[in-house]
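Quick notes on the structure that follows.
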2 protein chains.
Amino acid sequence: MATSAAAVLPALPATHPCHGCAARELALCGVLQEGELATFKSLGGHQQMSPGQPLFHEGDPTTQVFNITRGSLKIYKLLPDGRRQVMGFMFPGDFLGISISDEHAFTAEALEPTHMCRFARNRFDDFVEERPDMERRLYSLAAHELAAAQAQMVLLGRKSAAERLASFFLDLAQRAERLGRAPVTAIDLPMSRLDIADYLGLTKETVSRVLAQLKQKRLIRLVTLNRIEILDREGLDAIAQGLTDN
Amino acid sequence: MATSAAAVLPALPATHPCHGCAARELALCGVLQEGELATFKSLGGHQQMSPGQPLFHEGDPTTQVFNITRGSLKIYKLLPDGRRQVMGFMFPGDFLGISISDEHAFTAEALEPTHMCRFARNRFDDFVEERPDMERRLYSLAAHELAAAQAQMVLLGRKSAAERLASFFLDLAQRAERLGRAPVTAIDLPMSRLDIADYLGLTKETVSRVLAQLKQKRLIRLVTLNRIEILDREGLDAIAQGLTDN
DNA sequence: CGCGTGCTTGACCAATGTCAAGTATGGTGG
DNA sequence: CCACCATACTTGACATTGGTCAAGCACGCG
């Protein structure tokens, strides 16, 4: 879900306001490399958030576009009675708030201290308008998110609890690798067990129990409560794809 | 899922090769209204399919783009062990095969005798390239499909069997209304119970049982096996949104 | 070091899945 | 036009997975 748009980007000094901002890839912050900081400031600015702080709610007007530079968020929808479905987790490089509708389709909430670049939506739209290749990039972005959403539909509709957890961990590992460009064996879980449960269509108790099973089978290890180490990636893979019988 | 791109289109004679073809909306068949049939023929042609016949399989190269003019299809993904998730159903006006990847992400199979316009993918791409507004339309299409996919994630992750069925019927009714532009009380179900089950993440037995419950509560009626009448739309709506307690 | 929150574990329960008959529908051929 | 057949649908009995409710534990913060 919500796949990263971050390709390999040219290095930018860590002090640069758009360091780690994948909007560069969209040629937005590319401008900035030329030193035109004024352009960036006219487009938006920066923002920081604390854990649990909502960035926007489902139904809010889409007045801004965000690009995460540090930290993570969850995005979710609620049913009237409070049941929750987490649609995905957002990490550095991911875009938030790009929507064709003028209302956000979900709530976004920080999981940890999180930084992001912010752009006024109308200026962002103008900016997009000016660049012929921008529509294509946005389209490509949406197409990738659609593919991720469809994979999640398979998971939610047809996979067992263990298969869901295994798929989730492998997904996180792949995303970390895409960001960091090196094989990853340990994964941070900035979200709670309840968040994971609401993402995978389970309860937090089932998540705990399956975690215990995976641990006992020596497929993973809990480094800390919020960090797992993958001990047997092939094994996890087999479970994730439903090739093993439990 | 897979929302229709069909807006209100100018009438075209029923004998016209692109009658009912929403590609017109994409300015593709708009050309045809000027009588340039040659352009259409160079772009593609027509195709008919029988029930059960696959249009393409998951993993096939995306060499063609289709626009359904009559009938319906299901699109689905398979897990290695044969479990199936139906991603959606396609009706007249819907596009198929538009993908950023060069491989289809799912299998498409006709549910009934089905007609479609066909375009060579590279010609379609060229055509898109020439029109500045085409990218935007494709983007909008992808964005709507993404929204539908996310709604389905909520359904699959968090709704009960009865809520899923109710949501499904209302969805079909709305789609029929979008196509036909008149309130709809009876809905055709060109797909089997198993197809519905695989779409909603259930088994065919559960679909049957829930259908019996809804019938018994006088919310729906089976006109024939493959056609239901909605007797109480508010009641169905309440169930679909989880506002009722079973 | 102690406290609170979130995580884990256990016992039990409910919803849905599985397996197996039975039934009906609608298509076909006499 | 009717009867038969195949297939798909429905229904029933039972199994299973995951959910619920309730303790207990432990991590990490202060």
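As the structure is a computational prediction, the values presented were derived from the model and not from experiment. In what follows, chains carry the letters A, B, and so on, assigned in the order in which the sequence lines appear, proteins first and then strands, with residues in each chain numbered from 1. No hydrogens, no waters, no symmetry mates; every other heavy atom, side chains included, goes into these values.
With C:dT9, D:dT11, C:dT16 as the candidates, the nucleotide lying closest to the side chain of A:S208 is C:dT9. Listed candidates were D:dC9, D:dG18, D:dT20. Nearest to the side chain of A:L202 is D:dG18. In the set C:dT9, D:dG28, C:dT8, the nucleotide with an atom closest to the side chain of A:T224 is D:dG28. For B:L225, whose side chain is taken as the heavy atoms from C-beta onward, the closest listed nucleotide among D:dG19, D:dT10, D:dT11 is D:dT10.
In this structure, A:L211 atom CG and D:dG18 atom P are separated by 15 Å, rounded to whole Å. For the pair A:L156 CG and D:dG18 C1', the computed distance is 15 Å after rounding to whole Å. In this structure, B:N226 places its CG atom 12 Å from P of C:dT25, rounding to the nearest Å. Rounded to an integer number of Å, the gap from CD of B:Q213 to P of D:dT11 is 11 Å. With rounding to whole Å, B:L189 atom CG is found 14 Å from D:dA8 atom C1'. Rounded to an integer number of Å, the gap from CZ of A:R209 to C1' of D:dC21 is 11 Å. For the pair B:R193 CZ and C:dG26 C1', the computed distance is 14 Å after rounding to whole Å. Rounding to whole angstrom units, CZ of residue B:R158 and P of C:dA15 are separated by 16 Å.
Between the base of D:dC21 and the side chain of A:E205 there is a donor-acceptor pair shorter than 3.5 Å.
A:L222 comes within 4.0 angstrom of sugar-phosphate atoms only, judged by non-hydrogen atoms across all strands, and of no base. Looking at heavy-atom distances under 4.0 Å, B:S192 makes contact with sugar-phosphate atoms alone, never a base.
By the 6.0 Å and 45° rule, B:R118 does not stack over the aromatic ring of B:F66.
Of the charged side-chain nitrogens involved, none lies within less than 4.0 Å of a carboxylate oxygen, so that B:K74 and B:D198 do not count as a salt-bridged pair. With salt bridges taken as basic N to acidic carboxylate O contacts below 4.0 Å, none links B:E109 and B:R84. Using a cutoff of 4.0 Å between basic side-chain nitrogens and carboxylate oxygens, B:R175 and B:D94 are scored as salt-bridged. With respect to B:R83 and A:E163, a salt bridge is recorded, a charged nitrogen being found less than 4.0 Å from a carboxylate O.
With the end axes of the helix from C:dC1-D:dG30 to C:dG30-D:dC1 each set by five pairs, the angle from one to the other reads 40° at 10° resolution.
Using modelled atom types, no side-chain atom of A:T114 and backbone atom of A:P51 make a donor-acceptor pair closer than 3.5 Å.
Place B:K159 and A:T206 on DNA chain C by their nearest nucleotides, and A:T206 ends up nearer the 5' end.
With hydrogens and angles left out, the side-chain atoms of B:S72 and B:E112 include a donor and acceptor closer than 3.5 Å.
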